[in-house]
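Shown next, in structure tokens, is the structure this report addresses.
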There are 2 protein chains.
Amino acid sequence: MRDNSNRSAGRPTLEEVAARAGVGRGTVSRVVNGSAQVSPKARKLVQDAIDELGYVPNRAARALVTQRTDSIALVVFESGERFFAEPFFGRIVQSVSSVLVARNLQMVLMIAQAPEERRQLEGYLTRQHVDGALLLSLHGDDPLPMILEERGVPTVRAGRPAHPGPSSLVDADNRGGARAAVTYLQEQGRRCIATITGPMDMAPGIARYQGYRDVVGDGPAAAGDFGEISGAMAMEWLLANYPQIDAVFAASDMMAAGALRVLRRAGRRVPEDVAVVGFDDSVIARHTDPPLTSVYQPIEQMGQEMVRLLLAKLDGDEPVEHETVLPTRLILRGSA
Amino acid sequence: MRDNSNRSAGRPTLEEVAARAGVGRGTVSRVVNGSAQVSPKARKLVQDAIDELGYVPNRAARALVTQRTDSIALVVFESGERFFAEPFFGRIVQSVSSVLVARNLQMVLMIAQAPEERRQLEGYLTRQHVDGALLLSLHGDDPLPMILEERGVPTVRAGRPAHPGPSSLVDADNRGGARAAVTYLQEQGRRCIATITGPMDMAPGIARYQGYRDVVGDGPAAAGDFGEISGAMAMEWLLANYPQIDAVFAASDMMAAGALRVLRRAGRRVPEDVAVVGFDDSVIARHTDPPLTSVYQPIEQMGQEMVRLLLAKLDGDEPVEHETVLPTRLILRGSA
DNA sequence: GGTTCATCCGAGAGCGCTCCCGCGGTAAGA
DNA sequence: TCTTACCGCGGGAGCGCTCTCGGATGAACC
């Protein structure tokens with residue numbers, strides 16, 4: 001019951017379009033791929049046939065010959081826990097997604113939490129499957145970017161690694177953001193500005209601390225791990241050792257939230273007695289009491305830029321490596 | 001400089017594996033696809049060759065002939081705003097992802113916010129590209145599931161639609177969860193339990209209100225839209241009209257957070273004077289003051305179940321439609 | 001008018017895989 | 001021992017596309 005002549009069962013193929021337009025396969029292919037080597041007349045013929053038939057190229061067939069899949073991976077090296085706790089990821093995902101859709105590329109999202117998944121991932125990415133990868137939240141000196149680049153899978157990562165690697169890179173101006181926050185506190189007349197830092201083995205942690213030091217030098221500082229508990233503990237320590245504190249710059253909103261709690265418990269009013277500034281401008285910033293003044297990172301822009309760099313790499317018309325640093329901005333709310 | 005004999009430049013192909021193992025292409029294919037029609041000896045031979053060569057089947061070539069892409073779409077009909085504000089999505093994404101990875105399927109994430117993207121999406125899904133779609137957060141009576149099913153793209157959706165559609169469906173027991181929350185408040189000795197409902201044109205909104213009524217009948221109720229502001233406004237109204245209130249069940253954590261704020265401003269202590277229970281067990285629940293007692297939805301399970309249903313549909317060994325309702329659970333924190 | 005050259009087009013080859021047909025070999029039944 | 005059946009296997013065909021090459025067509029030149 002097959003009928004491979006005129007209108008076959010499934011979707012129309014290139015060949016059918018060609019037949020209908022009265023041209024050869026090659027011509028249709030050229031039209032579809034926007035080649036200039038087609039006469040206006042033929043182009044019109046083909047275009048009409050395409051429209052009538054509702055032709056859409058078969059991705060698999062194309063991929064088979066071009067060796068391109070037209071899909072790119074967005075890899076998040078994070079536990080599920082953190083992945084959905086941090087609004088950062090959602091926003092990156094979302095912005096990357098919209099750029100990719102516009103470019104008619106597929107976004108394949110991969111979350112690699114367990115070490116075993118991590119391993120599987122490497123195999124997955126280095127084989128066929130995707131044309132390139134966007135790497136989010138790489139930990140420490142993960143060798144993955146190196147491996148991928150070696151095997152010919154272009155990568156772009158978010159955030160600066162401890163050691164420079166082969167990936168292109170998009171980062172936010174953490175240092176500048178911290179500087180802006182602390183400067184603002186100073187301008188508000190705060191005299192004793194403390195900081196709760198992030199982990200000092202992570203690039204953003206270091207950069208934000210540096211920004212703080214740029215402004216006030218050796219002020220009261222306590223280390224946290226970006227998490228809320230650590231923020232509370234750091235705040236307690238600061239209060240005990242520097243009771244004269246009238247402002248705190250925390251390197252994450254979570255830590256700022258923890259600090260807020262401790263401050264309230266200690267009977268200090270925010271912002272009257274102690275001003276608090278966070279970092280990330282995350283959802284929690286809007287839901288603490290008072291709402292948190294926080295440093296905003298242009299996450300959407302970061303996503304877009306990552307895609308742009310990756311595509312440039314893919315098209316090969318850009319130098320191999322590139323680095324973009326995007327500006328941060330202080331968002332004022334009630335806490336400072 | 002081509003060398004198509006022994007070891008070609010790129011990755012090994014089926015043919016090369018076959019040559020190395022000294023068998024035919026068919027046999028290798030059978031081994032790779034786990035057919036039973038292979039002698040142990042041949043299987044071993046092939047397996048060894050695969051291991052030595054590091055062979056991985058070419059997805060595109062396979063897709064071309066099988067008409068299967070081995071990738072499924074996860075579609076979120078939500079503005080970017082809400083997508084990253086609601087932890088719900090992150091968790092679903094994450095759980096779906098892990099199941100899919102285990103099954104060696106690609107997850108293609110699509111976020112359709114703008115109406116124009118919405119339209120594009122329809123074309124995308126109905127063409128080739130994916131074997132099936134998981135639909136999240138469909139609005140109103142979106143005809144998409146119908147369209148997709150008609151065009152042969154199996155779908156599974158999260159949450160009950162206003163009108164029953166052709167998709168299989170996974171939902172949380174919203175009504176039961178609400179019932180549990182309100183029952184708990186009663187057991188704690190609360191006498192005047194109010195509710196802040198979600199929008200009454202959305203299934204979860206309705207179901208949660210029904211659960212409330214199941215326990216206390218016609219209690220003080222004010223409508224919100226799941227958002228924080230609406231929760232605050234509703235709380236103000238309730239306080240004004242039912243000052244004797246000693247407990248509030250809010251149909252979302254956001255609304256509960258808004259209520260909390262109003263309550264504090266009104267000088268009511270939580271939970272001493274007024275107990276508050278939220279719904280969703282979202283991150284904010286852990287960061288309000290006091291932390292929010294809230295109804296937990298088994299989001300991870302929902303994701304897993306959605307995938308399971310979709311795959312069953314794909315394999316065709318399950319009746320066309322199916323509906324799964326998963327239990328909810330009350331998580332006790334400080335607010336009630 | 002004949003030659004040359006650029007331009008446009010048709011169609012063969014082949015990407016790597018699965019499907020399926022049919023063959024040889026072995027085991028079971030007559 | 002011969003037939004029948006079945007199992008395991010090899011390899012041809014073909015999925016829908018792009019690439020490439022050589023042929024046809026027409027314009028431009030001598």
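Naming: A, B, ... by sequence-line order, numbering from 1 per chain.
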Partner residues of [X] under the side chain to side chain contact (heavy atoms under 4.5 Å, CB included) criterion, sequence neighbours left out:
{"X": "B/I50", "result": "B/V17, B/V32, B/V46, B/Q47, B/Y55"}
{"X": "B/L136", "result": "B/L74, B/V76, B/F89, B/I92, B/A158, B/M306"}
{"X": "B/A63", "result": "A/A60"}

Atom pair distance, as rounded to whole Å: [atom1] in [X] and [atom2] in [N]:
{"X": "B/E15", "N": "C/dC17", "atom1": "CD", "atom2": "C1'", "answer": "10 Å"}
{"X": "B/N58", "N": "D/dC17", "atom1": "CG", "atom2": "P", "answer": "17 Å"}
{"X": "A/R59", "N": "D/dC15", "atom1": "CZ", "atom2": "C1'", "answer": "18 Å"}
{"X": "A/R68", "N": "D/dC19", "atom1": "CZ", "atom2": "C1'", "answer": "16 Å"}
{"X": "B/D70", "N": "C/dC17", "atom1": "CG", "atom2": "P", "answer": "14 Å"}
{"X": "B/R62", "N": "D/dG14", "atom1": "CZ", "atom2": "C1'", "answer": "17 Å"}

Can you pull every protein N or O that's under 3.5 Å from an N or O on nucleotides 26-28 of chain D?
none

Between N or O atoms, less than 3.5 Å apart, protein on one side and nucleotides 4-11 of chain D on the other: list the pairs.
residue: D/dG8; atom: OP2; partner: B/Q37; partner atom: OE1; Å: 3.2
residue: D/dC9; atom: OP1; partner: B/S39; partner atom: OG; Å: 2.4
residue: D/dC9; atom: OP2; partner: B/S39; partner atom: N; Å: 2.7
residue: D/dG10; atom: OP1; partner: B/G24; partner atom: N; Å: 3.3
residue: D/dG10; atom: OP2; partner: B/G24; partner atom: N; Å: 2.6
residue: D/dG10; atom: OP2; partner: B/T27; partner atom: OG1; Å: 2.4
residue: D/dG10; atom: N7; partner: B/R30; partner atom: NH2; Å: 3.1

Holding to side chain to side chain donor-acceptor pair (under 3.5 Å), I want the full list of residues that pass it with [X], two or more places apart in sequence or in another chain.
{"X": "B/T324", "answer": "B/E305"}
{"X": "B/S71", "answer": "B/T69"}
{"X": "B/T155", "answer": "B/E149, B/S167"}
{"X": "A/D48", "answer": "A/K44"}

(request) Find the distance between CZ (A/R308) and NE2 (A/H322) and round it off to the nearest 0.5 Å. (result)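 If we round to the nearest 0.5 Å, A/R308:CZ and A/H322:NE2 are 6.0 Å apart.
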(message) Distance check, rounded to the nearest 0.5 Å: A/T27 atom OG1 versus A/Q37 atom CD?
(response) 11.0 Å
(request) Find the bend of the helix from C/dG1-D/dC30 to C/dA30-D/dT1 as the angle between its two terminal axes (five pairs each), to the nearest 10°. (result)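 Comparing the axis at each end, I get an angle of 40°.
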(message) Closest approach to the side chain of B/L14, judged atom by atom: which nucleotide of C/dC17, C/dC15, D/dC17 is it?
(response)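 The listed nucleotide nearest to B/L14's side chain is C/dC17.
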(request) Ignoring the backbone of B/T13, work out which of D/dG16, C/dC17, D/dT18 is nearest its side chain. (result)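 Of the options given, the side chain of B/T13 lies nearest C/dC17.
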Which atoms of nucleotides 22-27 of chain C (N or O only) lie under 3.5 Å from a protein N or O atom, and what are those distances?
none

(request) Going by the side-chain contact (heavy atoms from CB on, under 4.5 Å) test, name the single residue among B/D131, B/L105, B/L309 that passes it with B/L314. (result)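 When B/D131, B/L105, B/L309 are each tested with B/L314, the side-chain contact (heavy atoms from CB on, under 4.5 Å) holds only for B/D131.
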(message) Considering only residues two or more places apart or on different chains, which pairs with a residue in residues 22-42 of chain B satisfy salt bridge (charged side-chain N to carboxylate O under 4.0 Å, His left out)?
(response) none
(request) Return no unless some side-chain N or O of A/T66 is found under 4.0 Å from OP1 or OP2 of D/dT18. (result) no
(message) With a 4.0 Å cutoff (strictly under), does any side-chain N or O of A/N33 reach OP1 or OP2 of D/dT18?
(response) yes
